Each structure stands twice: as structure tokens, then as C-alpha cells.
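As the structure is a prediction and not an experimental result, all values here were calculated from the model.
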Amino acid sequence: MAPDTTITAAAPGKNSPDWWRSVESACQGRWADSKAFEAEPDDSRPKKFITVAYPYPNSPQHIGHGRTYTLADVHARFWRLRGYNVLFPMGFHYTGTPILGMARRVQDKDAELIGNLRDIYGVSERDIGTFADPLTIARYFHNEIKMGMKEMGYSIDWRREFTTIDPAYSKFVEWQISTLRRLNLIIQGSHPVGWCPKDQNPVSQHDTLGDVEPAFTEYVMIKFAVDGYAVPVATLRPETVFGVTNLWVNPDTTYRKVAVSRDGDGGNDPKAEKWIVSAECAYKLGFLGYAVRDEGEIAGSDLVGEMASEPELLYQQPQQQQQPRSNGPGRKIPVLPAKFVEPGTGTGIVMSVPAHAPYDWQALRDLQGSRDGDDSIPQGSSAAAAAVAPPVKSLAASVLPISIIRTDGYGDVPAADAVSAIPDCEGQSDPRLEPATKELYSKEFYEGVMSRDGPTAQFGGMPVREAKDAVGAWLADSGCAEAFLEIADAPVRCRCGSECVVKVLNDQWFLNYGDPKWKEAAHGCLNGMDILPDEIRQEFAHVVDWLHERACARQHGLGTKLPWDDNWIVESLSDSVIYMAYYTISRFVNDGTVTPEQMVPEFFEYVMAGRGRNIGGADGADPPSGGNPDENLDAAVAKWRSESGIPDDALEAMRREFEYFYPVDYRHSGRDLVPNHLTFFVLNHVAIFSQEMWPRGIVVNGSVLMDGSKMSKSMGNIIPLRKAIREFGADPIRLAIIISAELLQDADFNMESVHGMRSKLEAMHAECVRLGERGGEGEGGSVGLGDANTRQDAAPSPEDVWLLSRMRQITSSVSESMEKMRLREALHLVLFETESVLQWHARRAAAKRRLESDTHGILRAVTTTRVTMLQPFAPHVAESMLEALGYSHEARAVAAWPAPAGLGPADHAALQAESLLKSVLDDIASILKVTKITPSRIILYVSGDGSPKRAIYRNVLQSVLGGESSMKQVMGGLMSRSDAAYAKKMPEYVQKAIADILSDPVTIREARLAASGPAGDSDNGGDGDADDATSGTGGTAGQEPFSESSFLASELPGIALATFGAKTDVYSEGDPDIYDPQSKARHARPFKPAIFIE
RNA sequence: GCGGGAGUUGCCAAGCCUGGUCAAAGGCGUAGGGCUUAGGACCCUAUCUUUUAGGAGUUCAUGGGUUCAAAUCCCAUCUUCCGCACCA
């Protein structure tokens, strides 16, 4: 006897963590020894290829990661038990930037990061010391995660493991990206990114202090002119350009005069323009694709009082001739001072639209403040106004608002309305102007319409929300305006401390997901896929529609270089979209069958696209199966093959491996990857592979909450998986994860639940030990239910028949749930539903004083079935349970998923009989509860076999089963039957019969129809049609009709005595010797006996 | 804004697709009991209101509607969570 088998069969002792560890390590050792999960092509078996998104090794796994992998593992194990050849592999995603960022932070001795590593992730000081090297980090956590996966019992084929920086993988990515380019799906263009000027790096959320995602504000920069200089203003509301009355500069700021050029350098480019902007703006322009050369400064105060020209475009429009704007065409507008102008925002110069912008309105009022006779001057602004130089004041006084947008609920000058709604406004620095501005903007944006007359005539009647873009485009097309991007939630700081800017990258490579043909193919693929759960399907469809160009290359980080441009590295989501195919050959890389040098693009074309297999050759039967026909390529591959140096048999083995396992049957991942990875996965497959290699299924799961709240480092509620395994055991954790929520829901994980699962499993195991100690006829044989019917005597007990029937139902429900990945439901059935079924059986058996030897056979059989179904969920302890039940090593190794048929036919008659028994017990209990009597005798009156109620009941049953369940319909049906016209006299009974029937499950109804007498017994000929339709149901056709009175007389007294401590008599309604002191018997209805208790 | 979810009896959470088996699973909490006097261990019972006969009443965000029948289907409203790109 092998030592491992003795370890696991023992019951858990006092120290349950030790016991769990021993069970787990024994099982895991056995799996490894028997290479249980090393899948090879096998044409005699159907295959399933199940994959999960591989982990990024920048932290250890926690429970949240554990969920996705556990779901996938249960899935893989389930199909394996169903006889499929399942491949379930794993890799590690090294490419990307976060690990680089971590390494940099370790170098910088970042206290927060080091604290987290030490306290939350439990990394030793010594190891942390080595983390200055990014690869060391990746390898450390790679190992950590892998150990955790093994300890969780994931059924992974580890021979195929790889990392995304392996040279061979890089070759694969080169092939992928070159293929996409050959198919013209990769394009080049410009693209803005958050940028750290010091590191010369794009920044993302991981790279910023406080993990802020750099977001952009897109301004329209409109160029006014002063003295031969362009004076650009940045605005979010380009449509208001028609209402500009003046410009604002900050008088305390020193502006820069700069030479700006789109290309070349600002100084020497003859086309360079001279601009005046704030120093901050000049700096930012340098990152936005402009060449900027400083040519001196000018004080804001010196700009005040200058007159600016608006863009020519605005007064060239013929429409405006009808009603010239106040200052006339080609008008000049004054430059005025305002303190609210921030040099760090936009260009540091602002256009003023006093009719529609509360700040502008108020700032003008502040300047005009001392005007005589105006008693509406806000308090507090007089002092400021007094300081305004007289020429400026008179300039300001000449400015009149130009109204250009009509909005319901506002007057001609909405900004004035908005400001006057602020009591005692304290001038342009009043903080209440901010919300007022937001509100007015929002109202005008959604409800406003451009005025039909005046300067806006060209856009007259257009809703503002459309005019905004239309005017912006109109200005830009004419060269009067340009886009200006700025960090929205500034300042965003890089981890190095410097402030980030927006940088426009000019030669960025994009995957053109906007290509309509590509989208169409992706939709086609999705439509044919099994998406679990199906609710998420429309989300995929929407993402496909919504995707457009996506950057697929970056300049820094770990990864594979673009084959045609080694300044760029393949972006790390783009290098992970078809890698499942790589699993089919990675074991050949790992064992040295093929070397990275040999893995040229032609290699992949041969193995994965089937090219070059029949050129000049053998059968010509296989057309090239690549998704993209290309004869030159075929020829090239054929040529390559003859000189590749890879032995034919090795090459064929790889091709066979790919052909056998591909496509992916199910791809598992978290819900967060739906809008990116999972959709890219589909898109890239349809682009690169031929249709028969397109993925067949996706399984999406929700995230994990810890005790109801999100897991986060700051809350300290991250529990590393390996720590949890040590404490509770892998199987209890697996079950707690599965039982906590259905697939798409967020799972609320908590330790109590793990605890509960552990005791549940321990109790089950103890039961197995008990059953196993008695031995069993199936001992050493196959694991199954062949020994279920072990009773030697002829007639099995009703409760045994019932138990087997229920198990059959449960088994088929579990199978169905598993196929749809409703694992929570499946596990619930295995654990709890089965439990309550067994409890009822035990109660029945105990009431009959059946001996253990009598029930042992059936209990062992049922428990075996249950444990078999538990295997995918709790693989370790289930194996130990099977062993405890007495099954040999060999039998356990092949223990297959139970087929419902193995339990014999479900006996609906037995199901309905037990249901009757239970409802009678419930009725007795509720009578006792209400009356509070202590029963000494219970008398039952069963509706008489020949009573008219039976005939009515049967007819009603037929009506209801036939879909007619309203009183009207049922009565109509009854009337048409000659003998049932009797029903007319007892409509209230008919009503009750309908209610009785509707309160039973359909299977019970059907069984009762079959049980309520042979077809046609109460019919005077004629309508045999209805009877034929139902006579076969319930599996009791040809048997004796079910007799309520004899069933209850034999089965009820024992259990009633055990339950209520009273003896029971059962009478039929019409019995001559009936004991019925309170005339209860007349209340008896079929399957609802009347009860009298004394 | 665009898109996708969610709102159930003290809490968490099933059920809704396939309307009647739903006063509504399961877990937690609470109360009582047992295990006989260690345990944050285990087991049983109860847990919307009402009821001395198995019954009745009122519930499943809110308001309408469809139906013999609605937590479940339809419409509207309110509240709330998540994703929106170069980032794994």
C-alpha cells in the first residue's frame, strides 16, 4: 500500500490545517507523478482547450485573482471528468511598464512601496533588496504565483509554461504583428499621451504620484492679433467666439514673445508665426508638436489697452452684412486686465464673452465699477474699480455684451442673470462664480440654440451642443484655430516628482480597430461564440462597434521590438491577444525541439496557418488555411520548409498539436477585460486565423469584494492566496469563492464562509469514512452507482426509490448548470440540496427503524455520486473521500462524471408520494402550532377512491396541464364532460382543486395525473384523446394506480410517531367503521387528506 | 455624455431569461433548546403580521400597464455601482 493513500483516507483530526495540508500535498504529488494534466493530442477523444488570462507578476496572487483561475480550473476539471481531453495551460505576462516603475521606486527607496511589499505581500527585506532589477521582481512573483496555483490544485499543464519575454515568444509576437501589418491593419499617426519631461517617458496611472490617471482637456486655441503678433486664446466654448467683446490678460503676468513653427525650428522657419502667450503655455507648446523659440517678453500690463483684431474669418462672412455687429466688420476689441486669468491655464490669455460667461460679465462690471449713477454696482468692487486707470475704465465702459445664444429661462444676457442670482457678489474673485458658470454652461450646452440673427446667422438655430464642434471645425479649417491639449486635473506629477505635460507623439503605430470590415468579421465570430454568461454578449458587440485606432507600440518597457522599426516596442496588450496559440507549441520550445532562431515567420505560417503544406506536393487536398490568402507567402513557406533545419517529424508534431487543440474552446477572464483584452482577442483572431480556428467561447467573471468592500492596499484587506491556503486549505477556499456568487456578480468573500465550507467538507469526509468502514460491493471496482440497489428483498422501500429519483434529478441539474458555468448553482445542489435530500431519507429510515446494514448500500452509492460531482470543486478532499469510501487508486483516477442514467429511471410516482407525505406532516405540524394541543391521536381521512372529487380533480389536472388554468376555462372543460357536470354543484371545490394543483411542481402534477387512476376510468367513452396524451407520464403506466390511503397507512404512522409522539389512524372518506367525531372527513380532497387531532 | 449592471423580507444574497411549485433557497445575525458544565466548535427549532385547525393579510425601489395569475413580462420615474483607451 502506497503511503499517500493512507494519509488521505484518515479523518481530519484535531489539527485540521495539518490534515488539509497532508491531503493536498498527497493529491498534488500524485497528480504530478501521473502527469494527470499533461494533455497530448489524442484523436480518440474530443478535446477542450481552456485558457485564462495569464497573470502579470508584480504582486502575489490574492483571493481576487484566485477567483478567475479557480473558475477556469473547475471548468477544466469538469470537462475532463466528462471524458474530454482537456488542455489547461498557463503563462506569465512580463511585458509592460508597471514592473519597471516598481523597480525604479525600489531604487528610490520609496517607503510606501517597500512597506507594502513587506507588510502586505510578506516579501523579506533581503528579497526587497534585489528588487531594483525589474526582472528580479517579475521572477520573484512569477514563482510566488506559480506556487500558489499549484497549492490551489489547478490542473495546469506546466510543461507549456512561458513568459512573454522569452526569445521564442518574441518571435511569435513578431510574426503576429508583421502579419497584421501585411494585412494593412496597422497604420501610423499622431497621438497625445501624458508625458514626464524629466524621464522622457509616457506616464500612465501607475507612474504618477497618487496613481492619478492623466486626463486631457481639449481646448480650441483661437488666434487674435495684436501689432503683428498672434494672440491665441484657449477656450472650451468655441461657439461663443461670435460674442467676444474683449480679451483678458493678467496684468501681473509677464508674457513671452515666441516664434512658433509646426515643423522645422521656430527661429529659422520662414513660415514661423510670432505669438504672445504665457511662459507656461510656451513651454507646453514645445511638447505639442510645435517648435518654439523665445524672442523676449512683454508685461501683461503693457498689453492692457491694446486693441486686438479678431480672426478675419469672422467678418468675411456675407451673412453678417445684414446686421453688422456693434463694432462693425474688421472691428478691434480692447485688451483688458483681469485677475482671474491664470497664466498656467491655456495660453494665459482669455477671450471675453460677457453675455454668456459670468466671470467675464463680472470682470467687466469690476472695471466699470465707478461709473456714475449705477446703483447695482456690487459692493466691494468699488475699491478695485477705483484703482483702474481712467483710460482702461473708459475702454471697459464702451464694451457692450453681444448675445448669441438663446436659452429658455434666460434673458438676452444670461451671464447677467446668473450673476444677479448671486447675492452681494464680491467681484470676479467671488468663489460663487465658479458654480454659476458651470450651471450656465451646462444649461446653454444642452438647451441653448444659436441665435438666428446677427453674427451667428451662419449657425443660426443650431443647438449649442452641435454648434460647439461645428464652429470649432470651421475655425480650424480656416487656420484661425488649433487644438490645444492640457492635463485636465493638473498638476499631475510623475513618481519622479516632475509635473507631467501632454505630449503629441507623431509617429505612433495603431491597430486600426476602426476598420469596418474588421468589425464585421468580429461580429460574425462573436455571434457564433458561446458567451458565458450570455448577458455580457451585447457588451462585446458594443465594444466592437465603439473601438477605433488603438496604439499598439510604445517606446519604453519590457517587450518585443517592432520588426520594422526598432524604436518601438509592441504594446503589452497587443502582444497578448493570440498567444493561446503559442501554448500549443511552447512545450516544444521548452524541451528544445525547436529553437528561437528557427522560429521565423514562415515557421508560424506553416504551423499555425497551414501554409506551404501542399505546394508542389503530396496531395493538394489541403487548401492553405490561413485567413489571408497570399500565394507568394505560400511559396516562401514551402521554400523555407525545405531548408529550415527542423526535422519533419518535429514540425509535423507541432502542426498536429496546433490542429488538434486549436481553436480555444473557452477563454476565461475578469469582467474588466471585456472592453479591451477579450475583444482584442476576438478581433485579432479573426484577422490572423482562418475561420475554423476562431475562438469558440468566452467566460467572464465579476470581481471579488472582501467583506463587502473593495480590496485595496490602503485598507489592508488584501489576503494573499498562499497565506489563506496555509490557514484554511485550498478546497475550502475554492468552495467559498464559488459559492459566494454567480459568474458575473461581484463575489463577496469572507473568512466565515471559508470556515463554513471547511466544516462542511470535514463532515462529509467523516461520513465517507463511516460508509467506507462497512465496505461495499463496489470496493476496488469502478466508481459508480452499480451497487445502488443492494437490497436483497424484492420491493425497495419507497424512500429508497425516492432518494434515487431525487439524486437523478440533482445529477442532471448539476450537469446542466456546469455546462453553463453556473457553478454556484451546481455547487449548491451538490452541497446543500443533496444534504437535505439525504436528511429526509435518514429521517424516514430512522422512523422505520431500518438497520444501518439495510441503508448502507444506497447511501454509499448516493454519496459516491455526490463526491464525484464534488471533484471539480474540491479536487483534493473529494479524492480523499472516494478513498475513504473504499475505492481503489485506479478507480479514483478515472472516476467519471455521473450520468443520471446510472441511477435508474426517475420515478415520478415515488416523488409525488413523498411529496404527499411531507405535506401531510407539514399540515399536522401547522395545526399543532396554531392550536397548541399536545397530540395523543392523529386521524387522517383520505378522499375516497371513487368519490366525485377524484373525477373532478383528475379533470382539473388535465385542464391545468393542458395550459387552461383559469376558473372559467376549467369549469368550461368540466361542463363538457358528461359525468363531471357534478362539478357545477361544488364550484368552491373546483376553485380549491385548481389552487392545490397550481401549488405543486409540474412533475408532481404529471405524476398525480398518472397516479389518479388508469385513463378513461371515469369517462363514459368518447374523449380518449386527452387521456392518451398523458397516460405515459410519470413512468407508472401499466402499474397499479397509486393509492393514497394504503401509502399513507403504511408510511405515515411511523414518521408521525417519531415526529409528534402520537399514534396515527388513516381512514378513507367513506369507510363504514370511520371514527369521525367532528365530521372532518368531508373536507378531504385528493392528495389533501382531512386531519383530526385529539 | 456613451455603454453595461444593480435596487428582494435585520444584513449578505438566490429567484427574474422559461409568469402559477414564492411569504420567497442559502448564509450571517438574533431567540430558544440540545450537546450535559473549555471553545468565536457542532446539532435542532424559530425568525413579515395575524390566527386555539392545516387559514388569512400585507410585501420583492416607486408609479402605471398586460394577465385568470407578476418579485418574475411591458412602460415611465427615482436611487446606486462599474468601464470609457495606449493601461495591466
Side-chain angles (χ1 to χ4, degrees), chain A residues 53 55-56 58 93 95-99 191-194 202-207 213-215 445-446 465 505 508-511 513 533-536 538-543 545-554 557 571-574 576 671-677 702-703 705 707-708 710 739-742 744-748 750 752-753 755-757 759 762-763 824-825 828 831-833 835-836 915 919-920 922-933 960 964-970 994-995 997-1005 1078 1080 1083 1088-1093:
Chain A
Y56 185 73
N58 67 339
H93 195 198
T95 41
T97 52
I99 291 175
H191 184 69
V193 294
V203 288
S204 66
Q205 195 167 353
H206 307 282
D207 309 313
E213 175 79 38
F445 183 79
Y446 292 113
R465 91 189 80 148
L505 300 176
Q508 177 63 272
W509 294 96
F510 295 94
L511 272 166
Y513 289 141
D534 200 64
E535 294 98 286
I536 202 90
Q538 57 166 332
E539 207 169 320
F540 277 107
H542 178 259
V543 172
D545 286 337
W546 162 87
L547 280 172
H548 50 89
E549 303 76 30
R550 184 182 171 97
C552 63
R554 63 154 103 226
E571 189 273 329
S572 53
L573 284 191
S574 301
S576 312
R671 183 172 200 163
D672 49 337
L673 299 190
V674 170
N676 41 69
H677 168 77
S703 63
L705 303 176
D707 288 322
K710 224 174 161 168
I739 205 72
S740 65
E742 213 52 90
L744 207 52
Q745 297 286 321
D746 286 349
D748 188 8
N750 56 67
E752 293 85 75
S753 159
H755 233 93
M757 283 300 155
S759 17
E762 287 175 0
R824 177 197 161 109
E825 188 173 82
H828 187 267
L831 248 33
F832 299 110
E833 188 74 13
E835 182 76 24
S836 72
S915 158
S919 73
V920 168
D922 285 348
D923 285 345
I924 295 170
S926 54
I927 293 169
L928 291 176
K929 188 188 165 198
V930 170
T931 59
K932 301 190 177 76
I933 12 183
V960 171
E964 297 185 339
S965 46
S966 74
M967 183 66 182
K968 222 187 321 178
Q969 291 168 321
V970 170
I994 297 174
I997 290 164
L998 285 176
S999 72
D1000 286 318
V1002 175
T1003 52
I1004 298 285
R1005 292 177 204 166
Q1078 291 201 2
K1080 294 279 187 192
H1083 296 301
K1088 188 78 177 169
I1091 299 166
F1092 173 57
I1093 301 172

Using the [atom1] atom in both, what is the distance from [N] to [M], to the nearest Å?
| N | M | atom1 | value |
| --- | --- | --- | --- |
| rG20(B) | rC81(B) | C1' | 34 Å |
| rA23(B) | rG55(B) | P | 11 Å |
| rA71(B) | rA25(B) | C1' | 14 Å |
| rG1(B) | rA69(B) | P | 38 Å |
| rC42(B) | rU77(B) | C1' | 50 Å |
| rA6(B) | rU21(B) | C1' | 27 Å |
| rU18(B) | rC35(B) | C1' | 46 Å |
| rU9(B) | rG3(B) | P | 31 Å |

Given [N], is OP1 or OP2 found less than 4.0 Å from the side-chain N or O atoms of [X]?
| X | N | result |
| --- | --- | --- |
| Gln508(A) | rC86(B) | no |
| Gln538(A) | rG5(B) | yes |
| Ser759(A) | rC42(B) | yes |

Length of the [atom1]-[atom2] vector between [X] and [N], whole Å:
| X | N | atom1 | atom2 | result |
| --- | --- | --- | --- | --- |
| His828(A) | rA25(B) | NE2 | C1' | 6 Å |
| Phe1092(A) | rA53(B) | CZ | P | 13 Å |
| Glu571(A) | rC87(B) | CD | C1' | 7 Å |
| Asp545(A) | rC2(B) | CG | P | 16 Å |
| Gln1078(A) | rA53(B) | CD | C1' | 9 Å |
| Arg1005(A) | rU21(B) | CZ | C1' | 7 Å |
| Leu744(A) | rG15(B) | CG | P | 12 Å |
| Asp923(A) | rU51(B) | CG | P | 21 Å |

How is [X] classified with respect to the nucleic acid when contacts are heavy atoms under 4.0 Å: base, sugar-phosphate, or nothing?
| X | result |
| --- | --- |
| Ile997(A) | nothing |
| Ser926(A) | sugar-phosphate |
| Glu833(A) | nothing |
| Ala1090(A) | base |
| His93(A) | sugar-phosphate |
| Asn676(A) | base |
| Pro1089(A) | base |
| Arg671(A) | sugar-phosphate |

Where the side chain of [X] is defined as all heavy atoms beyond and including C-beta, which of [options] is the nearest nucleotide?
| X | options | result |
| --- | --- | --- |
| Thr931(A) | rG20(B), rC87(B), rA53(B) | rA53(B) |
| Pro675(A) | rC87(B), rG83(B), rU21(B) | rG83(B) |
| His542(A) | rG3(B), rC87(B), rG54(B) | rG3(B) |
| His191(A) | rC86(B), rG55(B), rU21(B) | rC86(B) |
| Arg550(A) | rC87(B), rU21(B), rA53(B) | rC87(B) |
| Ile1091(A) | rC87(B), rG54(B), rA25(B) | rG54(B) |
| Trp546(A) | rA53(B), rC86(B), rC84(B) | rC84(B) |
| Lys929(A) | rA13(B), rG54(B), rU47(B) | rU47(B) |

- prompt: If we only count heavy atoms from C-beta on, is the Glu539(A) to Arg671(A) side-chain gap below 4.5 Å?
  reply: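 Yes; the side chains approach each other to less than 4.5 Å.
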- prompt: Do Val920(A) and Pro1089(A) have side-chain heavy atoms sitting under 4.5 Å apart?
  reply: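 Sidechains of Pro1089(A) and Val920(A): in contact.
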Residues forming a side-chain contact (heavy atoms from CB on, under 4.5 Å) with Ala53(A), sequence neighbours excluded: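 Partners of Ala53(A) by the side-chain contact (heavy atoms from CB on, under 4.5 Å) criterion, ordered by chain and then number, come out as Arg667(A), Ser669(A), Leu673(A).
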message: For Ser740(A), give me all partners under side-chain contact (heavy atoms from CB on, under 4.5 Å), at least two apart in sequence or on another chain.
response: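 Only Ala747(A) meet the side-chain contact (heavy atoms from CB on, under 4.5 Å) criterion with Ser740(A).
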message: Nearest heavy atom decides the nucleotide; on that basis, is Leu573(A) or Tyr513(A) closer to the 5' end of RNA chain B?
response: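 Final value for this comparison: Tyr513(A).
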Residue whose nearest RNA chain B nucleotide is more 5′ - Val930(A) or Asp672(A):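 First, find each residue's nearest nucleotide; the 5'-ward one identifies Val930(A).
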How long is the straight-line distance from [atom2] of [Y] back to [atom1] of [X], given to the nearest 0.5 Å?
| X | Y | atom1 | atom2 | result |
| --- | --- | --- | --- | --- |
| Lys1080(A) | Ile1093(A) | NZ | CD1 | 9.5 Å |
| Thr95(A) | Leu573(A) | OG1 | CG | 9.0 Å |
| Arg1005(A) | Ile997(A) | CZ | CD1 | 8.0 Å |

Pair partner, [N] [Watson-Crick or wobble, under 3.5 Å]:
| N | value |
| --- | --- |
| rA71(B) | none |
| rG1(B) | rC84(B) |
| rG26(B) | rC12(B) |
| rC35(B) | none |
| rC48(B) | rG57(B) |
| rA76(B) | rU62(B) |

message: Using 30° and 60° as the class boundaries, would you call the ring planes of Trp546(A) and His542(A) parallel, tilted or perpendicular?
response: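 Trp546(A) vs His542(A) ring planes: parallel.
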- request: Using atom types as modelled and distance alone, determine if a side-chain donor or acceptor of Gln745(A) lies under 3.5 Å from a backbone N or O of Gly702(A).
  value: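 Here the side-chain-to-backbone pair does not exist.
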